[in-house]
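Down below is the structure, laid out as structure tokens.
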4 protein chains.
Amino acid sequence: MNSDSRTPRPRRGRPRKEGAGEQILEAALEEYAEHGWAGFTMDAVARRAGVGKSTVYLRWRDKDSLLTAAVSARSGYIEAVDTGNFRSDLEALAGNLFRFFLDPIGWASLRITVDAAGSPAALGRFSEAVTGQHSQAAATIVQRAIERRQAPADVPGQTLAQCLYGAVTMQALTLSGDDRRLSDDQIMERVRPVVAFVLAGAGA
Amino acid sequence: MNSDSRTPRPRRGRPRKEGAGEQILEAALEEYAEHGWAGFTMDAVARRAGVGKSTVYLRWRDKDSLLTAAVSARSGYIEAVDTGNFRSDLEALAGNLFRFFLDPIGWASLRITVDAAGSPAALGRFSEAVTGQHSQAAATIVQRAIERRQAPADVPGQTLAQCLYGAVTMQALTLSGDDRRLSDDQIMERVRPVVAFVLAGAGA
Amino acid sequence: MNSDSRTPRPRRGRPRKEGAGEQILEAALEEYAEHGWAGFTMDAVARRAGVGKSTVYLRWRDKDSLLTAAVSARSGYIEAVDTGNFRSDLEALAGNLFRFFLDPIGWASLRITVDAAGSPAALGRFSEAVTGQHSQAAATIVQRAIERRQAPADVPGQTLAQCLYGAVTMQALTLSGDDRRLSDDQIMERVRPVVAFVLAGAGA
Amino acid sequence: MNSDSRTPRPRRGRPRKEGAGEQILEAALEEYAEHGWAGFTMDAVARRAGVGKSTVYLRWRDKDSLLTAAVSARSGYIEAVDTGNFRSDLEALAGNLFRFFLDPIGWASLRITVDAAGSPAALGRFSEAVTGQHSQAAATIVQRAIERRQAPADVPGQTLAQCLYGAVTMQALTLSGDDRRLSDDQIMERVRPVVAFVLAGAGA
DNA sequence: AATTAATCGAGACGGTACGTCGGGTCTTATG
DNA sequence: CATAAGACCCGACGTACCGTCTCGATTAATT
């Protein structure tokens, strides 16, 4: 999908408009955030991006592809913080994920991931791309904890990550509408017991 | 949601066709399973159910309502088994949930739940209805474990449920296409470490 | 093409909106007159007729069909006048035809007829329908003249009609833009020598 | 209309590709003949001519101009034959015209002329260019007939031409599809009565 | 028995978005 | 410079679906 992959572009013909792809993705996200899935139209995206429809369709096969690309471009900011302490690291990670899910675009990322998993390989490896990226962050944190002797060497990192991510997801799932506006404190309040539970499970 | 709930119906006029509602729900699920969300159309549902469109719209407000109703009618078979052992109970529960998610209709249930949480109260309390039902099952199991002294009295039941459900969901999320065909053994193989981790977290 | 042909309509389903066809044809002619061929769009026709696009496409296969139908519905008012005199009859007929051709819609009729003749039977028998109708008028006039002894019995009516119609067409062909605004007097001025020539040819 | 007309071109830069204009015109006619007006696209013309779109647009303002130019380049072979006899001259002229109209490209010439007359001066003086050229041929023939005393001096040459051309056009108009394949004999059979009628009208 | 009213299948309705395609312009790299 | 390639913006095309509506035909409960 739009795999530019550093072509130095010695191509013939008029070159593709620089930055058009980004503008379109940006416009797509804004449209999605404003009108949701049902009110998300290609015409509106093109208009908002100041671009012809053909320019959009030249880059993405259809509506699904565009939305998927737009969302996955924003799914990346879950990183492995390093506070020097296992518990703090996990709390920060879980807090970031929670915040991400409360943002319409972050939540859309989950929605699309779920769609992708159910579809017949249509949306390809989107799920893996996103979840893989996330589990990487968790693995890094666990690794550091082992090195610091804050966790036993045989801690089941993957299961730990699944529980942590899953519990946060479940919590986000029960919030709808205005309930999704939470302060950072409220978020941490909800995150802490989960981290505590998971640490106990890890034997730390 | 079609809450007629045993109206004895002494109404005038032609009575509603017996069983039409069920046929429509059935058709809706089949259509959804075959064509997915994007290819799910009311016309096709009506045609497959051998029913006029008006008959459908007389029972459900719109497409979302129908799909939601269809899915939620199938979401109910996660029950609290009772094997006499905490671990076995949890494994059975998690296994059932996993199986449910690998079925297209069960997975659709999750998808709709995610949609509902993101929409502005549109799909109403669907999320809560479904997740509430599930958490009830978990709570029952935990309660029994406490009574049997297989778990400490202060075990954080809700967090435990979130981790267990979340971890299963995350696992289902990483499977797409043909990977979703798992035998019961394969399912249990994936479920066991999660239950073990969760039991450790619960101090049991 | 829209051949209603007095079906008393025992059909199933919602009946077609009465008069929608006429409204659409009307709108099509107005659009065509205002914007010409290039600016003639189906969307605009539907909007002007106060009708959904589907309603238009349910009645006519595509743009060409609609325009053809619209124009042919207006091609019919060339009738055989009866002044009691051969020359006057022909002058009236030719004058009417000339006026018809100076009107944008009348001219469109010719344009479409020409298209139809060149196309691979696509527009069907449109040419014949229109020209047949016209030649009928001429034949009637000639017949009456023979009965009145104003023309010899063996006058070649068809050739006469071809010459008369053809000459008028040729004259209309050389007029473009504002030159096409002619008064009735100017029209008759141009028509008279043709009729005189044709009468001479007929030996009258 | 591409009026370069013998520029010796001592210009700077890369010279225009020799013969590109002709190739484009050729391609345009072929495309028109194959797909008709509706299926006539600039992209296809450029592709068939093995030329970039800019090369086409460098020479012709737009689609109409190109098609007009292409057709008018082929409209020129109606000439005033000289058989020494008025009737034969007219029959030859009318026969040539008939043949011209039965050819797809010749017919296109008429179609464009009709379009041009109806449009707001868009296609300019195309009509006049073509019809003028033709009426010149007729005038020449009439002039010679007068000199040979085969026609009276006051014969209305223009009206005669209009009738002759018009009648041929009308006949061509009633033929569509396969009916347009006529042998030379069939053509002359249809032409002769018209010439006879016109000669009578001319008092010859 | 006649009336009333809710429901049924069918399918046309006004809208709106889809994804495609063509026109005419523009921007590059290559003669 | 002209050219070929081809991306650009624009907007119409014809299709499909939504949710509504209007039919004629059923089918009870109520008169």
Side-chain angles (χ1 to χ4, degrees), chain A residues 9-18 20 38-47 49-63, chain B residues 9-17 20 38-44 46-47 49-64, chain C residues 9-17 20 38-47 49-63, chain D residues 9 11-17 20 38-44 46-47 49-64:
Chain A
R9 197 162 40 63
R11 296 208 309 272
R12 282 222 262 183
R14 176 172 176 171
R16 291 198 166 183
K17 199 162 98 173
E18 200 66 41
F40 177 79
T41 73
M42 295 301 262
D43 288 79
V45 169
R47 207 178 317 118
V51 136
K53 268 210 290 181
S54 36
T55 304
V56 178
Y57 278 99
L58 209 51
R59 290 171 165 73
W60 291 278
R61 192 168 48 275
D62 55 20
K63 201 161 108 146
Chain B
R9 202 166 31 69
R11 293 202 308 258
R12 273 224 277 184
R14 175 173 178 171
R16 290 198 166 185
K17 199 164 95 174
F40 177 80
T41 74
M42 294 301 261
D43 288 77
R47 207 178 317 119
V51 136
K53 269 209 292 180
S54 33
T55 303
V56 178
Y57 278 99
L58 212 51
R59 288 170 167 74
W60 292 277
R61 193 166 47 276
D62 55 20
K63 199 161 108 148
D64 281 336
Chain C
R9 199 162 40 64
R11 296 208 310 274
R12 282 218 265 181
R14 176 173 177 171
R16 291 195 169 187
K17 197 164 97 176
F40 177 81
T41 73
M42 294 300 262
D43 287 77
V45 170
R47 209 177 316 119
V51 136
K53 267 209 293 180
S54 38
T55 303
V56 178
Y57 278 100
L58 209 51
R59 288 170 166 73
W60 291 279
R61 192 167 47 275
D62 55 19
K63 202 159 108 146
Chain D
R9 205 164 29 68
R11 293 201 305 255
R12 280 214 279 175
R14 176 172 176 173
R16 287 197 165 188
K17 198 163 94 174
F40 177 81
T41 72
M42 295 299 263
D43 288 75
R47 207 177 318 119
V51 137
K53 270 209 291 180
S54 32
T55 305
V56 178
Y57 277 100
L58 210 51
R59 290 171 164 75
W60 291 279
R61 191 169 48 275
D62 54 21
K63 197 161 107 148
D64 282 335

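To find a chain, count down the sequence lines: A is the first, B the second, and so on, and within it residues start at 1.
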Fill in: Distance test, side-chain N/O of R59(B) to OP1/OP2 of dC8(E), below 4.0 Å
yes
TODO: Kindly indicate whether the side chain of K63(A), heavy atoms from C-beta on, has any atom under 4.5 Å from the side chain of V45(A).
DONE: no
Residue set satisfying side chain to side chain contact (heavy atoms under 4.5 Å, CB included) with Y57(B), at least two apart, ordered chain then number -> M42(B), K53(B)
Side-chain contact check for T55(B): nearest option of dC9(F), dG9(E), dG14(E) is dG9(E)
Protein-proximity profile, nucleotides 11-16 of chain F, B/S/- by nucleotide at the 4.0 Å heavy-atom cutoff, equals -BSBB-
Task: Any R16(A) side-chain N or O less than 4.0 Å from OP1/OP2 of dC26(E) - done: no
What one should report as the nearest heavy-atom pair of R59(A) and K17(A) is NH2-O, 3.6 Å
Walking DNA chain E from its 5' end, the first of G13(B) and K17(B) to be reached, judged by nearest nucleotide, is G13(B)
Problem - Check: R14(C) side chain, dC13(E) base, donor-acceptor under 3.5 Å - result: no
When rounded to whole Å, the CZ to C1' distance for the pair R47(D) and dC21(E) reads 12 Å
With the side chain defined as heavy atoms from C-beta on, R12(B) is closest, among dC8(E), dC8(F), dT4(E), to dT4(E)
Judged by nearest nucleotide, the residue sitting upstream toward the 5' end of DNA chain F, G52(D) or G50(A), is G52(D)
With sequence neighbours left out, the residues meeting side chain to side chain donor-acceptor pair (under 3.5 Å) with D43(A) are none
In whole angstroms, the gap separating P of dG23(E) from CH2 of W60(D) amounts to 15 Å
